[in-house]
Amino acid sequence: MPGLIFFILTRLSIGFAIGCAAGIAIWRSRFSDMGAGLGSLEHLVIEGLFIYLFASAIGIGYLATALLFDEG
């Protein structure tokens with residue numbers, strides 16, 4: 001695998017994992033009562049989308065920061 005593709009995939013996946021952890025922590029601490037009136041399936045979809053939001057945003061940010069500070 002070429003070096004640039006390996007660099008992009010590893011940094012993106014590390015950032016995605018950090019974002020998943022942040023999304024889960026925020027959802028569990030702040031929004032745990034938010035879906036109480038919803039059915040279980042709707043609650044899981046909302047939680048999954050919320051976690052994906054954090055994971056994708058932090059993953060792209062981590063990749064961009066790594067590309068910015070890469071020395072070669």
For residues 1-15, run the donor-acceptor check on the side chains, cut-off 3.5 Å, and write out each pair with its distance to 0.1 Å, sequence neighbours left out.
unit_1 : atom_1 : unit_2 : atom_2 : d
T10    : OG1    : F6     : O      : 2.9
T10    : OG1    : F7     : O      : 3.1
S13    : OG     : L9     : O      : 2.9
S13    : OG     : T10    : O      : 3.0

Enumerate donor-acceptor pairs with a distance under 3.5 Å from any side-chain N or O in residues 50-63 to protein atoms, sequence neighbours excluded.
unit_1 : atom_1 : unit_2 : atom_2 : d
S56    : OG     : Y52    : O      : 3.0
S56    : OG     : L53    : O      : 3.2

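- Sequence neighbours left out, the pairs with a member in residues 45-68 that pass salt bridge (Lys or Arg N to Asp or Glu O under 4.0 Å) are R28-E47.
- Annotation for F69: hydrophobic cluster partners, listed by chain and number, are L68 (ILVMFWY side-chain heavy atoms under 4.5 Å, direct or chained).
- Distance check, rounded to the nearest 0.5 Å: OG1 of T65 to CG of D70 gives 12.0 Å.
- The list of salt bridge (Lys or Arg N to Asp or Glu O under 4.0 Å) pairs with a residue in residues 51-60, not counting sequence neighbours, is empty.
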